[in-house]
> 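Here it is, the structure in full.
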Amino acid sequence: MATGYDGAEISQADIDGWSSWLLPAEVLKDSPSRSDGVSEDLERTYRRKTIIFMEEIGELVKVDWQSQVTAQLFFHYYFARHSFKRHVRFNVAVAALFLAAKVEECPSMEARVLEKLLVKAHKLWNRRVADYQPLAPKQSDPVLQRVQDEVLQCERTLLHTIAFDLIVQKPHNYLVPALRAVYKRGLVPEATQQEMTSLCTHFLKMSLRTSLSLQFPPPTIASAAMFLASAYLQLKGVLRFDPVSEGGNSEGGSGSDPGGGSGASGASGTSGG
């Protein structure tokens, strides 16, 4: 039985759950986009810019962090199996958010009503277009109807791409009990705990702008975030912490946001286009 950073056992069901989302290095290196002439650097740029866009629209329509993370993982997996050259990033991003909001039962109605989500997302995506004409909700707008049909078709393709596997393991659910464990052991001064939590959440957020989630299991990414935060804060006790020798169990993963806010908060950078 594997052991998490907090000393808690990781079940075989957990391992089976995330293993289907991990891809061999050669699959990522020789991705469908690469076959279509999209360079590795350009693919990384597309992933980063689109995830930033998803963070921004998520904040606009008040998407909770669980739905936001699930949507971003959907997006990354989609483009591990499909080419950026053959599929519209906007459609995939909106379809991923729409599907994730339903899967995670997002409390925001704007995220679960496609028309409302599309109107705001389309405006944000085209914000730098000088003569942009906003989509007209609740009217016979042929552009809105066309884009809506494209997104619904993309949602169906997404479901087939992920083989209808809607249970997504997130690194955040491993980070929460791990932080509790090191705080309980007094390895992080109380005055530093808020900064430690914020840094870990930030590193996880940055990881979701890359394809790391396709390469490493969620506990590994959570542990890496803790390691980086501990190194930055010079917390030698956390860096030396060995969950196997220390033993003990935490209360397990939590649905609470380790950062205490929306998964889309603090978005920065360039999106769209």
Side-chain angles (χ1 to χ4, degrees), residues 11 13-23 47 50-82 87-121 147-176 201 204-205 207-209 211-214 217-219 221-222 252-259 261-265 267:
S11 68
D14 285 334
I15 296 173
D16 292 341
W18 72 60
S19 62
S20 62
W21 290 81
L22 300 180
L23 298 172
R47 288 183 184 276
T50 314
I51 294 299
I52 291 172
F53 163 75
M54 293 172 74
E55 293 169 356
E56 291 174 337
I57 189 59
E59 190 160 306
L60 273 179
V61 299
K62 299 178 175 58
V63 173
D64 61 298
W65 76 268
Q66 292 100 326
S67 302
Q68 181 70 273
V69 173
T70 296
Q72 292 170 11
L73 294 173
F74 284 165
F75 175 85
H76 283 306
Y77 195 86
Y78 187 98
F79 279 111
R81 296 301 189 185
H82 299 280
H87 295 260
V88 180
R89 287 185 290 138
F90 171 81
N91 292 346
V92 179
V94 175
L97 277 168
F98 183 55
L99 178 60
K102 293 184 288 185
V103 169
E104 299 288 355
E105 299 182 348
C106 176
S108 170
M109 285 304 296
E110 282 189 293
R112 288 188 287 150
V113 177
L114 181 57
E115 185 179 88
K116 293 182 178 180
L117 176 61
L118 261 179
V119 168
K120 290 193 174 182
V147 177
Q148 187 166 292
D149 290 345
E150 290 174 355
V151 170
L152 288 173
Q153 177 59 50
C154 190
E155 182 188 31
R156 289 191 287 272
T157 305
L158 171 60
L159 283 166
H160 284 282
T161 300
I162 63 176
F164 292 85
D165 182 3
L166 301 175
I167 307 301
V168 180
Q169 299 284 347
K170 308 171 186 65
H172 303 66
N173 291 344
Y174 296 91
L175 175 66
V176 172
T201 307
L204 288 188
K205 182 177 179 178
S207 76
L208 286 166
R209 294 179 180 180
S211 61
L212 277 177
S213 59
L214 303 176
I221 297 174
S254 167
S256 61
D257 179 2
S262 163
S265 63

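Values in this document were obtained by computation on a predicted structure and should not be read as measured data. The residues of the chain are indexed from 1 along the displayed sequence.
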> With rounding to the nearest 0.5 angstrom, report the CZ to CZ distance, Phe75 to Arg47.
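One gets 7.0 Å once the value is rounded to the nearest 0.5 Å.
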> If you round to the nearest 0.5 Å, how far is CG of Asp149 from SG of Cys154?
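One gets 12.5 Å once the value is rounded to the nearest 0.5 Å.
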> Do side-chain atoms of Gln72 reach the backbone of Ile52 as a donor and acceptor pair under 3.5 angstrom?
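The answer is no, because no donor-acceptor pair under 3.5 Å joins these two groups.
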> What are the two closest non-hydrogen atoms of Ala111 and Cys106, and how far apart are they?
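Closest approach of Ala111 to Cys106, heavy atoms only: CB-SG, 4.2 Å.
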> Hey, could you give me the CG/OG distance between Leu73 and Ser211, rounded to the nearest 0.5 Å?
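Answer rounded to 0.5 Å: 11.5 Å.
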> Is there a side-chain contact between Ser67 and Leu97, using heavy atoms and a 4.5 Å cut-off?
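No, side chains not in contact.
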> Would you compute the distance between atom CD of Gln169 and atom CG of Leu22 and round it to the nearest 0.5 angstrom?
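The distance works out to 11.0 Å.
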> Quick one: closest heavy-atom pair of Asp64 and Gln66, and the distance?
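In terms of heavy atoms, the two residues are closest at OD2-OE1, 2.9 Å.
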> Flag the pair Pro218 / Asn173 as yes when at least one side-chain heavy-atom distance between them is below 4.5 Å, and no otherwise.
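They are not in side-chain contact.
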> For the CG atom of Leu158 and the CG atom of Leu152, what is their distance to the nearest 0.5 Å?
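Answer rounded to 0.5 Å: 12.0 Å.
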> A side-chain contact here means heavy atoms from C-beta on lying under 4.5 Å apart; do Leu159 and Leu166 qualify?
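Of all side-chain heavy-atom pairs linking Leu166 with Leu159, at least one is under 4.5 Å.
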> Please name all residues satisfying side chain to side chain donor-acceptor pair (under 3.5 Å) with Lys170, sequence neighbours left out, ordered by chain then number.
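Only Thr70, Glu104 meet the side chain to side chain donor-acceptor pair (under 3.5 Å) criterion with Lys170.
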> Kindly indicate whether the side chain of Leu204, heavy atoms from C-beta on, has any atom under 4.5 Å from the side chain of Ile221.
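Contact flag for Leu204/Ile221 side chains = yes.
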> Please name the pair of heavy atoms, one in His87 and one in Phe79, separated by the smallest distance, quoted to 0.1 Å.
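Smallest heavy-atom distance, with atoms named: CB-CE2, 3.9 Å.
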> Listed by chain and number, what are the side chain to side chain contact (heavy atoms under 4.5 Å, CB included) partners of Leu118, not counting sequence neighbours?
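Expected list: Phe90, Val94, Leu114, Leu144, Val147, Gln148, Val151.
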> Applying side chain to side chain donor-acceptor pair (under 3.5 Å), can you list everything that pairs with Arg112, at least two apart in sequence or on another chain?
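So Arg112 forms no side chain to side chain donor-acceptor pair (under 3.5 Å) with any residue.
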> Got a sec, which pairs hit salt bridge (charged side-chain N to carboxylate O under 4.0 Å, His left out) with one end in residues 155-164, sequence neighbours left out?
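Pairs touching residues 155-164 that pass the test: Lys102-Glu155.
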> Going through the checks in order, is the side-chain contact (heavy atoms from CB on, under 4.5 Å) test met by Glu59 and Gln68?
CA-CA 9 Å; Glu59 190 160 306; Gln68 181 70 273; over 6 Å; no
> Any side-chain heavy atom of Leu117 sitting closer than 4.5 Å to one from Val113?
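No, their side chains stay 4.5 Å or more apart.
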> What I'd like to find out is whether the side chain of Phe53 reaches to under 4.5 Å of the side chain of Arg89, using heavy atoms alone.
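No, too far: nothing below the 4.5 Å cut-off.
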> Between His76 (side chain only) and Ser213 (backbone N and O only), is there a donor and an acceptor less than 3.5 Å apart?
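No; zero donor-acceptor contacts below 3.5 Å.
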> Angle class for the His172/Trp65 ring planes (parallel below 30°, perpendicular above 60°, tilted otherwise)?
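Judged by the thresholds at 30° and 60°, the geometry between His172 and Trp65 is tilted.
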> I'd like to know if Glu110 and Lys62 make a salt bridge, using a cut-off of under 4.0 Å between side-chain N and carboxylate O.
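Between Lys62 and Glu110 there is no salt bridge, as every charged N stays at least 4.0 Å from the carboxylate O atoms.
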> What residues form a side chain to side chain contact (heavy atoms under 4.5 Å, CB included) with Thr161, not counting sequence neighbours?
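Once residues adjacent in sequence are excluded, the partners of Thr161 under the side chain to side chain contact (heavy atoms under 4.5 Å, CB included) criterion are Tyr77, Tyr78, Arg81, His82, Thr157.
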